[in-house]
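Down below is the structure, laid out as structure tokens.
The first residue of the sequence shown is numbered 1, and numbering continues consecutively from there.
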Amino acid sequence: MQHDLIAQARTWLAEDPDPETRAELGAIIEAGDTQELAARFAGTLQFGTAGLRGELGAGPMRMNRSVVIRAAAGLAAYLKAQGEEGGLVVIGYDARYKSADFARDTAAVMTGAGLRAAVLPRPLPTPVLAYAIRHLGAVAGVEVTASHNPPRDNGYKVYLGDGSQIVPPADGEIAAAIAAVGPLADVVRPEDGWQTLGDEVLAAYLARTDAVLAAGSPRTARTVYTAMHGVGTSVLTAAFARAGFPEPVLVAEQAEPDPAFPTVAFPNPEEPGAMDLAFATARRAAPDLIIANDPDADRCAVAVPDTATEGGWRMLRGDEVGALLAAHLVERGATGVFAESIVSSSLLGRIAEKAGLGYEETLTGFKWIARVDGLRYGYEEALGYCVDPEGVRDKDGITAALLVAELASVLKEQGRTLLDLLDDLALAHGLHATDQLSVRVEDLSVIADAMARLREQPPTALAGLAVTSAEDLSRGTDRLPPTDGLRYHLEGARVIVRPSGTEPKLKCYLEVVVPVADAAGLPAARARGAELLDGIKRDLAAAAGI
């Protein structure tokens with residue numbers, strides 16, 4: 001076993017084109033650290049519907065140039081098998097460690113395989129890449145990013161020519177093509193021959209961002225903005241300037257790209273502490289709202305002044321922003337279909353129904369939401385919003401920020417706020433309170449054990465609310481394909497439990513709906529909602545053994 005591991009590592013080492021990971025792996029072999037080798041050679045990073053994502057380092061279980069070259073070669077083989085020989089593949093990348101290297105390797109592999117490759121000019125938001133695919137008539141796109149993962153991670157996201165992320169069966173077929181790639185020496189990688197794009201694609205994307213706003217709408221909302229050490233600052237400020245909004249006040253410490261993410265433990269606006277610098281900046285600048293992007297700027301977080309909250313600022317939940325944007329689009333006379341994934345609030349369905357609009361529920365992820373026929377607006381509770389599906393068939397934190405700023409401006413002209421509109425929605429549809437129980441694990445078997453336990457002994461009540469139905473989503477439903485998840489309907493509540501597709505987490509999504517008779521009843525309804533959510537969390541954790 002030990003001998004096999006070292007032999008496997010030496011074979012990998014001989015192929016590795018990167019001096020850094022070669023030195024790293026050589027030192028591990030030299031030290032005879034079989035435990036570390038076992039972790040890195042326990043298999044291969046699995047190519048799934050999120051593409052690849054993992055920790056940087058040497059070996060097949062890490063993100064590195066060898067893994068990326070194989071992924072690119074497999075994708076190229078898949079595209080050629082689909083008859084796309086000579087087609088264009090457009091490649092974007094963020095500012096993480098190794099992102100530019102992975103983008104260049106991908107361009108070289110595509111060129112060597114007889115496809116055409118075009119690379120975005122510098123680290124740019126993921127939605128710019130998603131836009132570029134359709135704008136340039138590409139047959140596929142690759143974005144090198146790990147989104148809001150920790151600094152040590154990177155990833156590889158694949159889109160096909162419709163501008164949407166891959167879904168089955170394409171993901172499985174690409175994975176099979178990757179597995180069939182032979183020695184790296186056989187993968188043709190020329191030194192040049194691909195195109196590095198100029199700023200014309202970014203200019204076209206920025207011109208398109210205006211389309212999300214209503215002609216002549218107020219543009220008065222003042223914002224504090226953080227890019228969370230990512231790539232959003234230059235693009236968001238350019239979009240706001242074009243639209244005529246006041247220039248955002250930047251959170252200076254987080255405005256420039258930095259792959260070390262020095263001011264945050266996790267560069268995700270949802271994580272505790274990640275917004276502290278933005279709140280501090282807002283207390284000095286006194287804006288109307290705070291807007292945050294994650295590092296690749298495909299997500300958008302919003303915070304608002306709230307005297308009832310410690311520190312004077314409150315982060316809105318993704319479900320709250322999702323409902324606010326839907327209400328704003330309805331007010332503007334939007335037509336088409338509103339869509340969300342099953343883990344998001346049922347409030348969107350009620351807003352769509354009252355407005356006489358179509359409504360669809362999909363599996364988790366914008367790869368599904370973006371494929372809904374007639375889509376006008378889609379969102380997911382994890383701060384993802386698709387507000388211009390004709391331009392970007394994915395979540396887009398830049399255009400979402402513009403639409404939030406427009407809504408805040410409209411309300412400001414009326415002497416109202418986003419919180420006032422949330423109150424209106426609660427009175428019209430009932431108070432929809434949502435929360436999440438999220439458990440990060442070192443050992444993935446903890447997640448498998450929790451799912452097995454819930455399947456074998458499903459809860460009959462949570463927080464005193466009877467479970468009226470329990471669905472094992474791995475069997476699929478009449479409207480959804482199979483996925484690893486569980487859904488419980490309760491009297492006035494809903495719970496979904498699923499393993500994360502991109503992180504070592506078990507995620508439980510909770511929603512309670514509390515009727516409200518009038519404005520005077522809102523505080524009591526909020527208190528009741530919070531009490532029920534706490535009780536559901538407690539009882540669900542016990543039932544899952546987490």
Side-chain angles (χ1 to χ4, degrees), residues 48-50 160 162 164-173 319 322-323 326 335-382 384 386 389 393-395 429-430 432 434 436 450-462 465-501 506-513 536 540 543-544:
T49 47
L160 292 182
D162 62 356
S164 301
Q165 295 177 54
I166 52 169
V167 294
D171 57 344
E173 291 168 10
D319 283 319
T335 57
V337 178
F338 283 9
E340 64 182 340
S341 63
I342 56 173
V343 298
S344 306
S345 171
S346 60
L347 178 54
L348 184 70
R350 291 184 166 89
I351 292 171
E353 183 181 14
K354 188 171 183 182
L357 297 175
Y359 168 75
E360 288 288 336
E361 204 177 44
T362 73
L363 292 184
T364 311
F366 274 81
K367 58 185 177 280
W368 299 108
I369 294 170
R371 285 184 157 73
V372 168
D373 284 343
L375 181 67
R376 173 59 186 88
Y377 167 65
Y379 98 91
E380 191 155 71
E381 57 75 45
C386 176
R393 291 193 178 176
D394 199 1
K395 54 187 178 291
H429 305 287
H432 289 62
T434 60
Q436 197 181 116
M451 294 297 289
R453 181 170 170 157
L454 288 170
R455 283 188 167 104
E456 286 159 17
Q457 295 177 295
T460 55
L462 297 168
L465 303 176
V467 174
T468 55
S469 71
E471 293 173 280
D472 186 342
L473 298 175
S474 66
R475 300 184 181 128
T477 72
D478 56 345
R479 300 188 66 82
L480 296 169
T483 187
D484 187 9
L486 300 164
R487 178 162 60 180
Y488 304 112
H489 289 285
L490 298 86
E491 292 171 353
R494 183 219 65 199
V495 172
I496 290 172
V497 184
R498 60 179 280 274
S500 168
L506 180 68
K507 289 186 164 185
C508 311
Y509 304 85
L510 325 173
E511 178 177 49
V512 298
V513 183
I536 291 172
L540 186 62

Of all heavy-atom pairs between [X] and [Y], which one has the smallest distance, and what is that distance?
X: Gly378; Y: Ile369; answer: CA-CG2, 3.8 Å
X: Glu471; Y: Thr477; answer: OE2-CG2, 3.7 Å
X: Ile342; Y: Ile496; answer: O-CD1, 2.9 Å
X: Ala326; Y: Leu348; answer: CB-CD1, 3.4 Å
X: Leu363; Y: Pro482; answer: CD1-O, 4.2 Å
X: Leu490; Y: Tyr488; answer: CD1-O, 3.7 Å

Short question: side chain of [X], backbone of [Y] - any donor-acceptor pair under 3.5 Å?
X: Arg453; Y: Ala543; answer: yes
X: Thr483; Y: Gly485; answer: no
X: Arg393; Y: Cys386; answer: no
X: Asp319; Y: Ser345; answer: yes
X: Thr468; Y: His489; answer: yes
X: Glu380; Y: Gly365; answer: yes

State the [atom1]-[atom2] distance between [X] and [Y], to the nearest 0.5 angstrom.
X: Cys508; Y: Leu454; atom1: SG; atom2: CG; result: 7.5 Å
X: Leu160; Y: Lys367; atom1: CG; atom2: NZ; result: 13.0 Å
X: Glu353; Y: His429; atom1: CD; atom2: NE2; result: 9.5 Å

Less than 4.5 Å apart, any side-chain heavy atom of [X] and any of [Y]?
X: Leu510; Y: Val495; value: yes
X: Tyr509; Y: Thr434; value: no
X: Met451; Y: Leu506; value: yes
X: Glu340; Y: Glu381; value: no

Any salt bridge linking Glu361 with Arg487? Criterion: basic side-chain nitrogen under 4.0 Å from a carboxylate oxygen. yes
Not counting sequence neighbours, which residues clear side-chain hydrogen bond (donor to acceptor under 3.5 Å, both in side chains) with Ser346? List them please. Arg350, Glu511
State which residues pass side-chain hydrogen bond (donor to acceptor under 3.5 Å, both in side chains) with Ser474; sequence neighbours excluded, sorted by chain then number. Asp472
Which one of Tyr379, Tyr359, Tyr377 satisfies the ring pair (Phe, Tyr, Trp, His ring centres under 6.0 Å) criterion with Phe338? Tyr377
Have a look at Thr362 and tell me which of Ser341, Ser344, Pro481 forms a side-chain contact (heavy atoms from CB on, under 4.5 Å) with it. Ser341
Would Leu375 and Glu360 count as a side chain to side chain contact (heavy atoms under 4.5 Å, CB included) if you check the C-alpha gap in whole Å, the side-chain angles of each, and the deciding distance to 0.1 Å? CA-CA 9 Å; Leu375 181 67; Glu360 288 288 336; over 6 Å; no
